[in-house]
Undergrad: 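Shown below is the structure under consideration.
Residues take their numbers from the sequence shown, with the count starting at 1. Please read all numbers here as calculations on a predicted model, not as lab measurements.
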Amino acid sequence: MIRRTFQWASRALSPGLRRFSDTSGGEVIEFERTGSADLTKQASLYVHWPYCLRRCSYCNFNKYIPRENKDNIMTECLQRETETLLQLSQISCITSVFFGGGTPSLAQPSTIAAVLETVSRQVKFSDKAEVSLEVNPTPVGMSRLEDFCNAGVNRFSIGVQSLQDEDLKILGRDHSSYQALQTIEEARRLCPGGVSVDVIFGRPKQTTESWESELTELLKVCDDHVSLYQLTLERGTHLFKQVQRGEVTVPADDVTAEMYQCARRTLQQHGFLQYEVSNFARHNAVSHHNMSYWKGKQYIGVGPGAHGRFVVPGEGGVAREARTQTLEPDVWMSEVQQRGHGTRRRIRLGHLELLEEVLVMGMRLTEGIQHKHWELFSPEVELRKIFGTSVEVREFLQSGKLILDDRGLRCSWDGLALLDSMLPALLVELDRGIRPSLQREHYNDGQTKISISR
């Protein structure tokens, strides 16, 4: 492990942030405690644009190749569903907006502007709030960047994925490495400090050496945020079938594990701080929208297949709901036109289910879960009581994979790479620690409501 103290640029930390030192001696950023009122009065907004020009070989996301242009209808429906869900949630402030997909850079900038105007009419929405948009680095995507900025976007997430043209073809991408570099340059000109790049490792025929070389080359031109994703073979995708038939081979698990560690070291050497399992930033360029997810805050999902987590006041209490919108765009648009939204599924989260999400998401952060933050969701049972006496968790603590101290519960540098293997045990201990404090009641429809015993 490389031990290094980062020298931060003179740029001031944003309000609500402060510094502390992590266990490796480096400097990290901690988000201050969010008041309990913010958990119900504020939310982030995710807007899903479902269309792509083609489907990547590895992708199983909810995306569609349009048979005809329905941009105007889609825009109207995105506005209407945004308005409906904002009113339903009764929140007073949207803290960030993220346009994802699909390929939202195929949307007209006027669509982006229309949705943001709808938000501004309904709730408090600062003109300084983070507004992100995913960009496919094609000539079309790059040509619209300035118009997107004029529409209100102030952060771009660029799907570079690889700087190797041969690999881009295998992945089914419709851009070249040269176009990706051009798009990064233009995005940085328009939004300096507000450009993130996505890159995939564990690609067919890739080696640790070639990956390190490629990442180093990318870091020479990228901005202040990098998201790393290991290639996952999703059942039903074209790439999955190619691997199954033996036409394509991907690196073994131990090789991809070394690629991940190599990337962490390389990014650290270039001044990037790892603040989440897959995300790295310098100059405090963290994704505030994604931090909302990892911090267990409310978020509203708009568009076909979007997910949300928010409280619906006046519907039998203050329990948070997990919501999923109808997947297929044409059906979703029809539902929005008929009733104002296309919510297909609603699941009321019990107290245990909510804490499970807070645990799983919070442990992805290098800062982990602080005691004060956990108390916002579980004032009755603290972290030490749940995890401090567990034999299996104690083994993780003694081996140095986990740290439980006055700050809270978090992974060590080495432990973060093994988080997936530790989570099952943590969830078991959470269930054991919380269940005695819960009593179960049943709804008439057979769903289970979990309420806190007093």
Undergrad: Per the side-chain hydrogen bond (donor to acceptor under 3.5 Å, both in side chains) rule, what does the pair list look like for residues 104-115, sequence neighbours excluded?
TA: Thr75-Thr111
Undergrad: Answer yes when Arg189 and Glu186 have at least one side-chain N-carboxylate O distance shorter than 4.0 Å, and no when they do not.
TA: yes
Undergrad: Are the side chains of Leu352 and Asp431 in touch, meaning some heavy atoms are under 4.5 Å apart?
TA: yes
Undergrad: Regarding Thr118 and Gln122, is there a side-chain donor-to-acceptor distance under 3.5 Å anywhere?
TA: no
Undergrad: Describe, in one word, how the ring planes of Phe98 and Tyr46 are oriented to each other, choosing from parallel (under 30°), tilted (30 to 60°) and perpendicular (over 60°).
TA: parallel
Undergrad: For Asp165 and Ser176, test the side chains for any donor-to-acceptor distance below 3.5 angstrom and give the result as yes or no.
TA: no
Undergrad: So do Ser196 and Ser227 actually touch side chain to side chain, heavy atoms under 4.5 Å?
TA: yes
Undergrad: Look at Glu357 together with Arg320 and state whether they make a salt bridge at an N to O cut-off of under 4.0 Å.
TA: no
Undergrad: Are the charged groups of Glu382 and Arg384 less than 4.0 angstrom apart, N to O?
TA: no
Undergrad: Name all residues meeting the salt bridge (Lys or Arg N to Asp or Glu O under 4.0 Å) criterion together with Asp330; count only those two or more places apart in sequence or in a different chain, and write none if there are none.
TA: Arg67, Lys70
Undergrad: Using the rule side chain to side chain contact (heavy atoms under 4.5 Å, CB included), only one of Met363, Arg410, Met361 pairs with Ile369; which is it?
TA: Met363
Undergrad: Tell me if the aromatic rings of His307 and Tyr293 count as close, with their centers under 6.0 Å from one another.
TA: no
Undergrad: Using a strict cut-off of less than 4.0 Å between a Lys/Arg side-chain nitrogen and an Asp/Glu carboxylate oxygen, indicate whether Glu166 and Arg203 qualify as a salt bridge.
TA: no
Undergrad: Side chains of Gln164 and Gln206: is there a donor and an acceptor less than 3.5 Å apart?
TA: no
Undergrad: Knowing that exactly one of Thr183, Asn136, Val140 qualifies, which makes a side chain to side chain contact (heavy atoms under 4.5 Å, CB included) with His175?
TA: Asn136
